[in-house]
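Remarks on the structure that follows.
As the structure is a prediction and not an experimental result, all values here were calculated from the model. Hydrogens, waters and symmetry mates play no part in the numbers below; they use all other heavy atoms, side chains included.
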Amino acid sequence: MSPLSILDLAPIVEGSDARSALLNSIALARHADALGYQRFWVAEHHNMDGVASAATAVLIGQLAAATTRIRVGSGGIMLPNHAPLTVAEAFGTLATLYPGRIDLGLGRAPGTDGPTMRALRRHLSSASEDRFPEDVMELQAYLAPAREGQLVRAIPGQGTEVPIWLLGSSLYSAQLAAYLGLPFAFASHFAPELLQQALDLYRSQYRPSAAHPKPHAMVALNVIVADNDAEAGRLFSSLQQRFLGMQRGQRGPLPRPVDSMAPLWAAASPAERLGAERMLAESIVGSPVTVRAGLRATQERTGADEFIVAAAVHDFQARLRSYELLAQLAELKS
């Protein structure tokens with residue numbers, strides 16, 4: 001089975017707050033470190049009541065300080081929200097403090113709504129998203145060894161060569177990652193429709209680079225494991241409610257689970273239900289036996305070099321248990 005990593009959004013759950021969400025993410029990172037997971041990534045989102053990882057680099061520093069082995073990074077930093085030099089300095093600082101353990105995943109989307117995007121980008125070009133390839137290469141240059149005559153340097157950052165990943169949910173970043181010879185992660189945990197097409201495009205167009213002579217594709221999945229299928233399905237209902245709410249333009253803390261989604265599906269329009277189910281199509285939910293079979297099937301279908309797993313579970317102890325069962329079935333420490 002492919003190596004397993006964790007994508008955590010520091011979820012703020014119904015009935016709790018941001019402080020608890022951040023402390024839980026730190027505790028989960030320690031748990032993942034001990035269980036043998038490959039990476040622990042957090043994502044940049046803004047103005048969302050259910051996500052506490054807005055100051056992504058700050059949180060990564062706390063996660064790295066609380067762990068000893070696991071790689072910690074961003075899944076991702078939304079580069080159009082930031083000047084490349086600022087990102088290079090932040091992640092250069094992290095890499096200087098925690099050498100060999102920091103990843104820098106980059107996304108092209110704003111990670112928020114329109115008004116918040118404009119607030120974030122107040123001092124940046126309104127067309128900054130169109131500069132994404134140039135910004136990626138500028139960022140690479142800041143993290144590379146200094147060149148003769150280089151006027152602007154990232155200190156810390158210069159020479160750290162923090163590994164850069166491109167993230168995406170469309171074909172754009174797949175093509176750019178292939179062109180630049182970078183590892184690629186597809187966000188199929190919420191936008192799975194172009195998964196296979198993006199992977200095929202990335203692999204077929206890949207241009208080897210010095211750091212990455214071969215393509216490396218990571219696939220993001222929702223995975224929830226419990227002692228039996230019924231309990232896993234109940235835990236999954238929190239995420240189903242969240243995605244149903246998204247179809248209606250409603251966002252908020254992660255809802256409490258329900259014993260059955262049937263009444264909620266019945267109250268939804270066919271389009272709302274179809275939209276939520278499409279977004280959650282790459283989800284593997286069940287007992288260890290069920291999840292093992294699902295991961296193997298997904299591995300065969302996608303050829304993923306690595307899986308990065310999101311488990312949006314309302315109860316924190318159940319979330320810890322899900323990742324523990326997943327590590328056991330994948331024999332991460334064998």
Side-chain angles (χ1 to χ4, degrees), residues 6-18 20-21 24-25 28 43 45-53 109 111-114 116 169 187-195 219-291 293-295 297-298 308-323 325-326:
I6 291 177
L7 175 63
D8 186 63
L9 300 183
I12 303 171
V13 303
E14 196 172 85
S16 190
D17 55 26
S20 296
N24 284 345
S25 286
L28 178 58
H45 292 283
H46 300 278
N47 196 30
M48 292 188 180
D49 292 335
V51 180
S53 54
T112 190
D113 55 80
T116 308
S169 57
S188 39
H189 62 301
F190 71 88
E193 291 190 359
L194 295 175
L195 170 61
V219 171
L221 304 171
N222 298 297
V223 178
I224 296 176
V225 196
D227 292 330
N228 55 67
D229 288 349
E231 176 58 16
R234 191 184 75 85
L235 297 175
F236 185 49
S237 69
S238 293
L239 193 57
Q240 290 173 307
Q241 291 177 76
R242 168 173 276 181
F243 277 66
L244 180 57
M246 289 168 64
Q247 298 300 309
R248 299 166 172 166
Q250 301 169 351
R251 297 180 183 269
L254 184 71
R256 292 180 173 87
V258 293
D259 291 333
S260 173
M261 282 293 295
L264 296 173
W265 291 135
S269 70
E272 288 170 345
R273 178 169 182 172
L274 181 61
E277 289 178 341
R278 279 180 173 170
M279 293 179 76
L280 291 170
E282 291 293 346
S283 301
I284 304 173
V285 178
S287 68
V289 171
T290 299
V291 170
L295 285 172
T298 306
I308 188 163
V309 171
V313 173
H314 183 276
D315 180 76
F316 182 59
Q317 293 304 315
R319 185 156 37 124
L320 291 176
R321 178 65 173 157
S322 178
Y323 281 118
L325 290 171
L326 180 58

Could you tell me if the side chain of [Y] sits less than 4.5 Å from the side chain of [X], heavy atoms only?
X: Val313; Y: Phe236; answer: no
X: Gln241; Y: Leu254; answer: no
X: Val223; Y: Val225; answer: yes
X: Arg251; Y: Asp49; answer: no
X: Glu193; Y: Met279; answer: no

Roughly how far apart are [X] [atom1] and [Y] [atom2], rounded to 0.5 Å?
X: Phe243; Y: Ser283; atom1: CZ; atom2: OG; result: 7.5 Å
X: Ile224; Y: Arg234; atom1: CD1; atom2: CZ; result: 11.0 Å
X: Leu195; Y: Leu221; atom1: CG; atom2: CG; result: 8.0 Å
X: Tyr323; Y: Ile6; atom1: OH; atom2: CD1; result: 5.0 Å
X: Arg319; Y: Arg321; atom1: CZ; atom2: CZ; result: 16.0 Å
X: Arg242; Y: Glu14; atom1: CZ; atom2: CD; result: 10.5 Å

Treating [X] as the side-chain partner and [Y] as the backbone partner, does any N or O pair qualify as donor plus acceptor under 3.5 Å?
X: Ser53; Y: Ala43; value: yes
X: Thr298; Y: Gly294; value: yes
X: His314; Y: Leu235; value: no
X: Ser287; Y: Thr290; value: yes
X: Ser269; Y: Glu272; value: yes
X: Ser16; Y: Val13; value: no
X: Ser188; Y: Glu282; value: no
X: Asn222; Y: His189; value: yes
X: Ser237; Y: Met261; value: no

Minimum heavy-atom separation for [X] and [Y], please, with both atom names.
X: Ala312; Y: Ser238; value: O-CB, 4.4 Å
X: Val291; Y: Ile284; value: CA-CG2, 3.7 Å
X: Ala187; Y: Ser169; value: CB-CB, 4.2 Å
X: Val285; Y: Ala232; value: CG1-O, 3.4 Å
X: Arg248; Y: Leu264; value: NH2-O, 4.5 Å
X: Ala226; Y: Pro288; value: O-CD, 3.2 Å

Checklist entry - Taking it one step at a time, do Leu280 and Leu239 satisfy side chain to side chain contact (heavy atoms under 4.5 Å, CB included)? => result CA-CA 9 Å; Leu280 291 170; Leu239 193 57; 3.7 Å; yes
Checklist entry - Do Ser25 and Asp8 meet the criterion of a side-chain donor-acceptor pair at a distance under 3.5 Å? => result yes
Next on the checklist: Applying salt bridge (Lys or Arg N to Asp or Glu O under 4.0 Å), can you list everything that pairs with Asp315, at least two apart in sequence or on another chain?
Outcome noted: none
Checklist entry - Do Trp265 and Gln240 pass the side chain to side chain contact (heavy atoms under 4.5 Å, CB included) test, and can you show the C-alpha distance, the side-chain angles, and the key distance before you say yes or no? => result CA-CA 10 Å; Trp265 291 135; Gln240 290 173 307; 3.9 Å; yes
